[in-house]
Amino acid sequence: MNIHQTLPIYENKKDILYLLEKYSTLIIIGTTGCGKTTQIPKYLWESGWADGGRQIVCTQPRRISTVSVATRVADEMNQSVGKTVGYSVRFDEQIDDNLTRIKYTTDGMLLREMMLDPLLLRYSVIMVDEAHERSLNTDMLFGLLKKIQKARFLKKSENSRIDELKLIISSATLQVEQLQKYFQNSYILTIGKGQRIYPVDIMYLEEPCINYLDKCYHTVIDIQNSQPPGDILVFLTGKEEIDTLIERLDNFFSTQKSKISVVLLALYSQMSMEKQLKVFQQTNPSMTRKVIVSTNVAETSLTIDGIVYVVDCGFIKIKSYSPLEAMESLVVVPVSQSSANQRSGRAGRNRPGKCYRLYTEDSFSKLDHNLIPEISRSNLTPLILQLKNMGIDNILNFDFLTLPPTNNLASALETLYKLGAIDDNGKLTETGGILSEFPLDPQLSKVLLTSQRFHCTFECLIIVSMLSLQSNLYDIQSHSHRKDVLIRQGDHLTLLNIFQQFQQSNYSKSWCKSRQINYKSMTMALKIKNQLQAYLKKFSIPIQSIQDTDEKDLTIPIRKCIVAGFFNNIVRLQSDGTYKSIGNPLLDNLYIHPISVLSLQNSSPFLLYNEILYTTKRFIKDLIVIEPEWLIK
DNA sequence: CCTACATTC
């Protein structure tokens, strides 16, 4: 028997093909490992869905899984990836325009494609995978795909060359009634459990615990002292908790003698690749026991073999957005039932396992089934600009699976209006059209676009690339490691200097390391810069440097461009030494974050910030000094 | 003086 025929999905092959002929949308429920992601596109290809130059596309929420699944499917077909099976993610593409019939891509990439080909006519079937995660891009895809499906259905009657668009929505959880109602003429198909999943014993606390970090500590020690060999995966909410637990466990185990020694490993996405890979290194289970203390990365993004015990603290750190303060922040909230189940499932990949939930069974039953979708707790400015680009003028009428809070929609529209991206009627302007094409936050695109007028595109391109990094630039906060790169006039100019010196060092890893600058972040900034450069060329924007002008203070034009994008983020010095927003009365008592170069010495009456952090105080960071008269425009 | 989940174009 062929190995692929042992996957549970094989039994459903005929059903899937039949149901897809009959219904417009097929909703497939199947657990991880059931083979839906790898096998369904292949079945469709075999049965002719990619004939006549058409393609089958399958979207993923993440880059890594997109590349790895495409590679695996190509491998199963004894081909290299980029022939019949290809992938397309940002910065990396393996597609042959003539040969590729099955394409894996990120949902963000498919959204980009829609801007060029609004009906996505090359695709006969679009499969949206991991729909239960409800990522921002997945939710946006839902609304747009539904619209495309309708439009193609209507056009089909007038133009025989246009095909109906078939959708497959695949989800790991059972809560799909909402999806079935949402997609017309849809059908739910449940696929048998993955054969490779073993049973996991779930243990709850008798009494709720006060300090879950403490409870984690004792639970790990108990497992080590009383349970047979097998690695442990602990879920916590963030880096600091992880480091604390590891330190405490290290102190304990270093004084203990036992037959099986313990290896303590942290896991979070900010870590360097080398450190992450340690988690995957095989150890001899009769000699050592790995204890991996992780954030949510291990719940969805990374899968580690050999885990037998899972310890679940019951909490998760998520993004939350306040439109009134125009501020995103992170909050710790109880996990959802589906997250908890996903976490416990990590214990049963290789053999039966155990999961210790550090809360009571009663608390579990009271948890929400799913978290609030990301679209309801995000800044929607970029998303709405993209919708406007696709001709969706009335955002309130857009068919969101979950309608985001009206406040978030309103504040996004207001920002777009102030940026000049939409007009009084809410229609996309010419500027807005250009802004939406850049793979950037609209405010950053605006800085870049404005730089043409001030002849400093070369400098702004670098600053914008550095600002659009989502991860930490500095490994250690202290300035003392970076004295030679700091520019006292502001953080943006420091970012520019860091990038240029990094380039002069020939992109040296050790140059970064000796200054405690994150190398991963710097290489990402370089990739972003190169990509943006291509877009500038597309819009015929020359990359002029301010150095080539006869400007006296070279920083003034650069600072003016930043104001053009971030005019909402201006603060004024008050008599007590704190800053207050000039536009938003809610933003008061703001302190300069110690990581800013302006924390070293500053008494400027007006500053512009790029970020507010709400920790012990409200801190503003990524700052430059500005002149109030620049604001009148 | 310092509280960064995870993603994506």
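Naming: A, B, ... by sequence-line order, numbering from 1 per chain. Only this structure's heavy atoms are used, side chains among them; waters, hydrogens and symmetry mates stay out.
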**Request:** Choose from B/dA4, B/dT7, B/dC9 the nucleotide whose nearest atom is closest to any side-chain atom of A/Glu611.
**Result:** B/dA4
**Asked** Touch check for A/Ser135, heavy atoms < 4.0 angstrom, all strands: base, sugar-phosphate only, or nothing?
**Response** nothing
**Asked** Any Lys/Arg nitrogen of A/Lys538 or A/Glu437 sitting under 4.0 Å from an Asp/Glu carboxylate oxygen of the other?
**Response** yes
**Request:** Map A/Ile318 and A/Tyr535 onto DNA chain B by nearest heavy atom, then report which one ends up closer to the 5' terminus.
**Result:** A/Ile318
**Message:** For a quick check of understanding: with a heavy-atom distance under 4.0 Å over all strands, which category does A/Lys527 fall into, base, sugar-phosphate or nothing?
**Reply:** nothing
**Prompt:** So, is A/Arg90 close to the B/dT7 phosphate, meaning a side-chain N or O under 4.0 Å from OP1 or OP2?
**Reply:** no
**Request:** May I ask you to verify if any side-chain N or O of A/Ser269 is less than 4.0 angstrom from the OP1 or OP2 atom of B/dT7?
**Result:** yes
**Prompt:** Counting just side-chain N and O atoms, does A/Thr616 come under 4.0 Å of either OP1 or OP2 of B/dC2?
**Reply:** yes
**Of the listed nucleotides B/dC2, B/dA6, B/dC9, the one nearest the side chain of A/Ser301** = B/dA6
**Asked** Across the strands shown, which category fits A/Phe619 at heavy-atom distances under 4.0 angstrom: base, sugar-phosphate, nothing?
**Response** sugar-phosphate
**Message:** Taking any heavy-atom pair under 4.0 Å as a contact, classify A/Gln470: base, sugar-phosphate, or nothing.
**Reply:** base
**Asked** Which is true for A/Ile595 with a 4.0 Å heavy-atom rule: it touches a base, it touches only sugar-phosphate, or it touches nothing?
**Response** nothing
**Request:** Mind calculating the distance between CG (A/Asp139) and P (B/dC9) to the nearest angstrom?
**Result:** 17 Å
**Message:** It should be established whether A/Thr295 places a side-chain nitrogen or oxygen under 4.0 Å from OP1 or OP2 of nucleotide B/dA6.
**Reply:** yes
**Asked** Roughly, in whole Å, what's the span from CD1 in A/Ile620 to P in B/dC2?
**Response** 15 Å
**Request:** Between B/dC9, B/dT7, B/dC2, spot the one nearest the side chain of A/Gln477, thanks.
**Result:** B/dC2
**Message:** Parallel, tilted or perpendicular, judged at 30° and 60°: which one describes the rings of A/Phe438 and A/Phe539?
**Reply:** tilted
**Prompt:** Taking the side chain of A/Met109 as its heavy atoms from C-beta onward, which of B/dC2, B/dC9, B/dT7 lies nearest to it?
**Reply:** B/dC9
**Asked** Which part of the nucleic acid, if any, lies within contact of A/Lys239, taking any heavy atom under 4.0 Å across all strands shown: a base, the sugar-phosphate backbone alone, or nothing?
**Response** sugar-phosphate
**Asked** Under 4.0 Å between a side-chain N or O of A/Lys317 and OP1 or OP2 of B/dA4?
**Response** yes
**Asked** Between atom CZ in A/Arg62 and atom C1' in B/dC5, what is the gap in whole Å?
**Response** 13 Å
**Whole-Å distance separating the CG atom of A/Asn472 from the P atom of B/dA4** = 9 Å
**Prompt:** Just checking, A/Arg357 and A/Tyr359: is the charged tip under 6.0 Å from the six-membered ring centre and within 45° of the axis?
**Reply:** no
**Complete:** note: A/Glu328, atom CD; B/dC5, atom P; distance rounded to Å ~ 15 Å
**Request:** Would you classify A/Glu374 as touching base, sugar-phosphate or nothing, given that sugar-phosphate means primed atoms plus P, OP1 and OP2, and contacts are heavy atoms under 4.0 Å?
**Result:** base
**Prompt:** Just checking A/Val332: base, sugar-phosphate only, or nothing, at a heavy-atom cut-off of under 4.0 Å?
**Reply:** nothing
**Asked** Where does the angle between the aromatic ring planes of A/Tyr212 and A/Phe315 fall among parallel (under 30°), tilted (30 to 60°) and perpendicular (over 60°)?
**Response** parallel
**Prompt:** What nucleotide among B/dC2, B/dA6, B/dT3 has an atom nearest to a side-chain atom of A/Lys319?
**Reply:** B/dA6
**Item:** Residues A/Arg112 and A/Glu93 bridged, charged N to O under 4.0 Å
**Value:** no
**Message:** Can you work out whether A/Leu440 or A/Arg377 has the more 5'-proximal nearest nucleotide on DNA chain B?
**Reply:** A/Arg377
**Short side-chain N/O contact to B/dC9 OP1/OP2 from A/Thr106, under 4.0 Å** = yes
**Message:** So A/Leu613, base contact, sugar-phosphate only, or nothing? Heavy-atom distance under 4.0 Å.
**Reply:** base
**Request:** Identify whether any heavy atom of A/Tyr268 sits under 4.0 Å from a base atom; if not, whether one sits that close to sugar-phosphate; answer base, sugar-phosphate or nothing.
**Result:** sugar-phosphate
